[in-house]
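Report on the following structure.
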Amino acid sequence: MADLVVEELSMRFGGITALDSLSMTVEAGQICGLIGPNGAGKTTLFNCVGRVYQPSAGSVRLGDVDLLALPAHRIAYAGVARTFQNLGLFPSLTFLENVMAGAYSSVGGGFLKSILRIGIAAQERELEARAHRLLEMLELDRHAFSLAKDQPFGTLKRLEIARALASGPRLLLLDEPAGGLTDSEVGELSELIDSLPERFGVTVLLVEHRMAMVMGISDKIVAMSYGRKLAEGSPEEIRQHPEVIASYLGGA
Ligand code: ATP
């Protein structure tokens with residue numbers, strides 16, 4: 001069943017059409033890779049789904065929820081979380097605190113009710129325990145009390161995923177998670193991302209330029225060009241698609 005449904009989505013910035021009537025779906029528990037040359041509109045699509053931008057036209061639904069009808073600050077409560085190319089972490093906080101901050105972003109009104117029900121100290125303990133469990137699952141527990149700014153970029157990329165998962169999302173948007181990583185770090189990260197749907201029950205939308213990685217872990221690929229969908233299919237189908245080869249893949 002389709003979990004994410006994007007229909008006829010358009011986004012214009014002045015005279016530039018960054019997204020041009022783009023439609024696509026992602027099934028629940030799938031990893032969908034978005035590929036395309038620079039300027040194809042991948043980040044704009046992310047920013048429309050994540051409600052950073054209000055698209056000029058079209059619709060985006062997650063399950064039964066019309067994401068574009070929500071105010072941007074409600075997006076986390078609706079089950080959408082994202083990572084950022086340049087990391088959305090607090091450098092001067094510990095790993096544990098960063099993950100707890102991610103969890104706070106989703107509790108919203110429920111948080112207040114929960115505080116009234118169990119008290120603020122108990123609520124904090126519950127979030128802290130959840131954050132510890134997440135760090136363990138992502139093999140980051142030994143860094144729980146390290147400051148983010150003291151750890152290498154590759155480790156912070158994992159922390160960034162832990163922070164996004166802390167809100168308990170249904171849809172996880174990963175923006176170039178492998179950017180700036182060494183080949184061996186990319187291998188480890190691929191394994192982690194590959195495991196996310198099964199371990200955390202998430203659907204994943206992934207923008208990534210490292211082709212071997214996207215092709216290796218995606219169930220489906222959407223290839224974009226000039227704001228439009230050029231092709232959609234399994235990695236194998238996309239690899240053999242003449243227009244995708246001509247416009248983007250070359251020998252990849
Ligand atoms: P890259 O792989 O380089 O990140 P992309 O596929 O993510 O590229 P976008 O960043 O979505 O592409 O850009 C699509 C088009 O929209 C480009 O022509 C870009 O210049 C334009 N664009 C994106 N954001 C804005 C903005 N905030 N204001 C004006 N134009 C923008």
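Here, residue 1 is the first one in the sequence, and each next residue gets the next number. Whatever order the structure lists ligands and atoms in, that order sets their numbers, starting from 1. Values in this document were obtained by computation on a predicted structure and should not be read as measured data.
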Among Lys42, Arg12, Gln85, closest by any non-hydrogen atom to atom 2 (O) of ligand 1: Lys42
Cationic N near anionic O, under 4.0 Å, Arg61 to Glu7: yes
Which segment of Tyr53 sits under 4.0 Å of ligand 1 when only heavy atoms are counted: side chain
Cluster overlap Leu205 with Val5, hydrophobic side-chain contacts below 4.5 Å: no
Closer than 4.0 Å: a protein non-hydrogen atom to atom 19 (C) of ligand 1: no
Protein heavy atom at shortest distance from atom 4 (O) of ligand 1: Thr43 OG1, 3.5 Å
Linked, directly or transitively: Phe84 and Leu93 (ILVMFWY side chains, under 4.5 Å): no
Winner among Gly41, Gly15, Gly36 once heavy atoms are compared against atom 12 (O) of ligand 1: Gly41
Contact summary for Ser167 and Gly102, nearest pair of heavy atoms: CB-O, 3.6 Å
Per-atom contacts of ligand 1 with Ala40, taking only distances under 4.0 Å to non-hydrogen atoms: 5 (P), 6 (O), 12 (O)
Contact partition for Met224 relative to ligand 1, non-hydrogen atoms under 4.0 Å: neither
Whether His209 lies under 4.0 Å from ligand 1, heavy atom: yes
Side-chain donor/acceptor of Asp3 to backbone N/O of Val26, under 3.5 Å: no
Nearest-contact summary for atom 16 (O) of ligand 1 - protein heavy atom, Å: Ala18 CB, 3.2 Å
Lys/Arg N to Asp/Glu carboxylate O, Arg239 vs Glu236, below 4.0 Å: yes
Heavy atom of the protein closest to atom 23 (C) of ligand 1 (residue, atom name, distance): Phe13 CE1, 3.6 Å
Validation row: Leu189, Glu185 side chains within 4.5 angstrom (heavy atoms): no
Option of least heavy-atom distance to atom 15 (C) of ligand 1 (set: Ser225, Cys48, Gly39): Gly39
Donor-acceptor contact below 3.5 Å, side chain Glu160 vs main chain Gly88: yes
Of the listed options Thr44, Ile35, Asn38, closest to atom 9 (P) of ligand 1 (non-hydrogen atoms): Thr44
Crowding at CZ, Phe153 (>12 non-hydrogen neighbours, <6.0 Å): yes
Contact check, Pro37 vs ligand 1, heavy-atom distance below 4.0 Å: yes
